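Please read these numbers as outputs of a predicted model, since none were measured by experiment. In what follows, every chain begins at residue 1, and chains take the letters A, B, ... in the order their sequences are listed.
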Amino acid sequence: MTSNLPLYVIAAPLLTAFVVNLAGRFWRGSVAILSLGALVFSTISAGLVLQQVLTHGTIHYTVGGWQAPWGIELVIDPLAALMLLLISVVALLATFSALASARQELPGREHLFFTLYLILISGLLGLAVTGDAFNLYVLLEITSITTYCLIAMGKGRAPLASFNYIIMGTIGACFYLLGVGYLYMLTGSLNMADIHGILPGMYGSISVATAFAFLLVGVWIKMAFLPLHGWLPNAYSLAPSSTSVLIAPLMTKVSVFLMIRIIFSIFSPDYAFFQHVGVQHLIVWAAALGILIASGLALAQTDLKRMLSYIIVAEVGYMVGGVWLANTTAMTGAILHIVNDALMTLCLFLAASAIVYRLGDSKLASMKGLYRRMPLTMAAFTIGAFSMIGVPPTAGFFSKWYLILGGIQAGPWAWVYVAALLISSLVNAILFFRIIEIAYFQGGGEHGHDAVPRQEACAWQLSPLLLSAVALLAIGMAAGPLVEHLIIPALPAGF
Amino acid sequence: MKTLALLATILTGAILLYGTADFAPWGDPESPPNRHLSRYYIEQAVKETHVPNLVTAVLGDYRGYDTMFELVVIYCAGMGVVAVLRRSDS
Amino acid sequence: MKNLQALAQNGGGDNLILQTTIRLTVPFIQLFGLYVIVHGHYSPGGGFQGGVLLGAAFILLALGYDLPTSKRFFPVRTNAILANSGALIFTGIATLCALLGGYFLDYSILTRLIPIDPIEWRSLGIFFVEVGVGLGVMCIMLSLYWDMASGGQMEEGL
Amino acid sequence: MESMLGVVVAKYNYWIYVVLMMIGFYAMIGKRNLVKKLLGMNIFQTAIILFYVSMGAKRGGGIPILDKEAALAGAVKVAEVVNPLPHVLMLTAIVVSVSVTGVALAVLQRIYKEYGTLEEDEILDKIGRS
């Protein structure tokens, strides 16, 4: 009899979502208390689960007490436990900021907003631990539906962006479902471990290859891997800031994690990477091309949130490429980059949300003199930006380091990926120094220092922002031990 | 644009049809999906849950976790529609 | 003819036959919906199907009369509260099983509350869960119709 | 040629679902009217439901509702009962598809209020002009 702790991590936000919806109608203040309470509980439990998994090994939790192939099984391996902790920490930090923005952007609809918000978090947590291929589809749809609604709650063009996302997201989910159907037709099972055990006998089959392709394409659409990225920039930049602080850091990273799950838990690295070397090379090259194109598009943007959205698309290329380089170093880099990128994106989007909260929009042109107006916000933004560029003491440097080393290790065919990574870092530097130039050197100069009154974002937004910036520095400082004790054990088995 | 869409559609359909090559023919009682899990459900579900309707037994118990999230999905849709459309919600 | 057009323009074009038919059939539709939920163990049916039927009964009221009538029979606030309770019944029972020391959703552990045969509890647990599903689906279906038909204004329907 | 025909006849269910799915998929990515895209999405999802249900079919199989006494005595012939699992999965998929359709319709109403049209080209025109 194992403990129920992993499930409480998922159940706490889910149950609270319903209670928030009920209680929020009568007393607005309860929304903040309940959501924060549930997420603090989830974070602590997730920490305990991670510790338990690291000491005692993978937990197999059978929901309803039914043994694995018959019932639904949750598999909490070290990587899944790490994702649990990452998701709950990021969600907790984002919630502080979302509470403040939601009060400003969606007055009177906070209880509805936070109902969907908590269910989204619960769905993401569920995705991290599920060991059942069909259950993964259901959870994928939960995260999608809540995201569609949360984006459509924005003003102006937001519903149109949301509709495009609905069409693309449904294509992705349906492709995934088709892939699961093909696997079910071939193996008669839905449990990932069970499929993993049956499949090796039929690896030569065309049907297995088709299933693999459709599963991958489905997840790629969800994570906006470059040729399939069309929906992301609009959806993330037009969503209310209270939404984008949660979905921008988490959705794409969880999808990358799902890709790792599909490759390692359903199929095997041998099949995915080495059976057809040409496919592996093609995907890494596509990732490299994706990084370059997305970085180029980011350069053309004049809006902060839109620019950050294109950077997210580029970062997806880093991680997909890192996974498909298929060596231990690159895999370490990819997993470390999932953690780092979630925190970096969180930091940058929290800063963007604070800026929108004060300025009303996120146009680069209106950010003049922002260093004098909001010094702490911009300081944290700068740390996030440095991390995104990959400046040494910050977290971003180390994951890029591992990725580049992995690229070099993979052999001469991967030089495109390494080059793309370096060029994209350079482009990021240009991007962020342009913002720093606008916000630090332009505006306010001719009127002296007192022309712009100091007007910091409210404490609800500032504290998580500063915390995430400190976390980036701390991860950077402690990168060595972190990789050794957390990332290396979390590398998927068979590697 | 339309030609591109048509090509993509035909390509997807062709891959999907080509991928059915190794499938058992329709209605084969010995095909993998009819052999592996379903045999256990048909033989054991009534003994283990006392529910003669196998679909209900599997839906409510063996895969109850799915069903829970299924209810959450439709709940989300309801609340989401209220959040997106309704202006006069008190 | 002119009279009818004037009636339709004033929104008074209510159809007596339609309304009487709906008034007569709604109770039977609801009864059938309850039957489908309750009898899900022995015949095709279950929470979703029955919930949709129950919701359809109220939607029929809103179609034949108007939206305010259906709101009088089933107030908006009650709808929201029942939808939440439906979802809470399911997740609550699931969590209760975990809190009692079993696995999540392991209904047989509920014997610790009321000591009957664990396998009977599984059957009973499925039933409770289906009731929660039916409640939730009924409210959500009606709420979806309200919002769609009135564009979120909640004043007049189709 | 004959063998090709034999293959098609033995697996005609897949042909039907693929054709249906292609219709839906084309509508989703090729049509310029947003409602048509939504309808395409519904056709697509229906095709997948058809695919799953056809997987569980068994020649000579009956409905998956058993006689309780016979089942408890272990007297059920597996060959006479169709596979219940795809039906369970598709109940879930149907609910998901209903939910997505609902949300999409609500979003479409918002778009219509904003732009007064549901033709993608006209909407893009209006965005470009403003």
Side-chain angles (χ1 to χ4, degrees), chain A residues 7 14 17-18 21 25 63-64 66 69-72 74 106 108-109 111-113 115-116 119-120 122-123 126 130 132 134-135 137-139 141-142 145-146 148-150 152-153 159 162 175 178 182 184-191 194 198 202 204-211 213-214 217, chain B residues 5 8-9 11-26 28 30-41 43-45 48-49 57-58 60-90:
Chain A
L7 243 155
L14 188 62
F18 307 131
N21 194 301
R25 282 162 204 276
V63 182
W66 297 112
W70 327 119
I72 292 174
L74 307 185
L106 310 159
R109 285 187 287 162
H111 61 283
L112 291 168
F113 176 84
T115 304
L116 296 172
I119 292 177
L120 170 57
S122 173
T130 185
D132 190 278
F134 191 80
N135 187 241
Y137 165 74
V138 177
L139 288 161
E141 281 290 2
I142 283 199
I145 285 185
T146 44
Y148 304 151
C149 297
L150 289 174
M153 281 172 92
S162 170
F175 275 18
L178 275 173
Y182 274 53
Y184 179 60
M185 190 66 201
L186 289 167
T187 62
S189 179
L190 289 167
N191 183 277
D194 201 26
I198 299 175
M202 42 179 103
S205 151
I206 301 158
S207 304
V208 176
T210 312
F214 273 84
V217 172
Chain B
T9 311
L11 187 71
T12 316
I15 293 174
L16 279 174
L17 266 183
Y18 190 55
T20 60
D22 295 338
F23 284 6
W26 182 82
D28 180 9
E30 285 305 311
S31 66
N34 289 341
R35 222 173 35 220
H36 185 45
L37 285 188
S38 91
R39 170 162 299 180
Y40 178 88
Y41 289 139
E43 280 170 353
Q44 303 295 327
E48 289 181 345
T49 62
V58 178
D61 207 343
Y62 292 92
R63 300 191 71 85
Y65 189 61
D66 266 358
T67 311
M68 186 176 86
F69 281 110
E70 185 184 348
L71 177 60
V72 175
V73 164
I74 199 159
Y75 173 88
C76 281
M79 290 306 146
V81 169
V82 173
V84 170
L85 267 185
R86 202 181 288 178
R87 290 293 164 203
S88 57
D89 186 66
S90 50

Next on the checklist: Could you work out, with ring-ring contact (aromatic ring centres under 6.0 Å, His included) as the rule, every residue matching Tyr182(A), not counting sequence neighbours?
Outcome noted: Phe23(B), Phe51(D)
Item to check | Residues in ring-ring contact (aromatic ring centres under 6.0 Å, His included) contact with Phe134(A), at least two apart in sequence or another chain | outcome: Tyr137(A)
What's the spacing between [X] [atom1] and [Y] [atom2] if we round to 0.5 Å?
X: Leu178(A); Y: Thr12(B); atom1: CG; atom2: OG1; answer: 10.0 Å
X: His111(A); Y: Met79(B); atom1: NE2; atom2: CE; answer: 8.0 Å
X: Leu37(B); Y: Tyr184(A); atom1: CG; atom2: OH; answer: 6.0 Å
X: Thr115(A); Y: Tyr75(B); atom1: OG1; atom2: OH; answer: 5.0 Å
X: Met185(A); Y: Asn34(B); atom1: CE; atom2: CG; answer: 7.5 Å

Quick one, [X] and [Y] - any side-chain contact, counting heavy atoms below 4.5 Å?
X: Met68(B); Y: Leu14(A); value: yes
X: Phe69(B); Y: Thr130(A); value: no
X: Arg109(A); Y: Val82(B); value: no
X: Thr187(A); Y: Pro32(B); value: no

Who wins among [options] for the most heavy-atom pairs under 4.5 Å with chain B?
options: Val217(A), Ile198(A), Asn21(A), Leu120(A); answer: Asn21(A)
options: Phe113(A), Phe175(A), Phe214(A), Tyr148(A); answer: Phe214(A)
options: Leu106(A), Ile145(A), Leu150(A), Asp132(A); answer: Asp132(A)

Checklist outcome for this item: Minimal heavy-atom distance between Cys76(B) and Thr146(A), with the atoms involved, is SG-CG2, 3.4 Å
Next on the checklist: To check you understand the geometry: which heavy-atom pair defines the closest contact between Leu186(A) and Asp22(B), and what is its length?
Outcome noted: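 Heavy atoms only, the tightest pair is CD2-O, 4.1 Å.
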Structural part of [X] lying under 4.5 Å from a heavy atom of chain B:
X: Leu116(A); value: side chain
X: Asn191(A); value: neither
X: Ser207(A); value: both
X: Ile119(A); value: side chain

Item to check | Parallel, tilted or perpendicular, as decided by the 30° and 60° cut-offs, for the rings of His36(B) and Trp70(A) | outcome: tilted
Checklist entry - Can you say whether Arg63(B) sits under 4.5 Å from chain A via the side chain, the backbone, both, or neither, judging by heavy atoms? => result both
Checklist entry - Can Tyr62(B) and Trp66(A) be said to form a ring-ring contact (aromatic ring centres under 6.0 Å, His included), step by step? => result CA-CA 7 Å; Tyr62(B) 292 92; Trp66(A) 297 112; 4.2 Å; yes
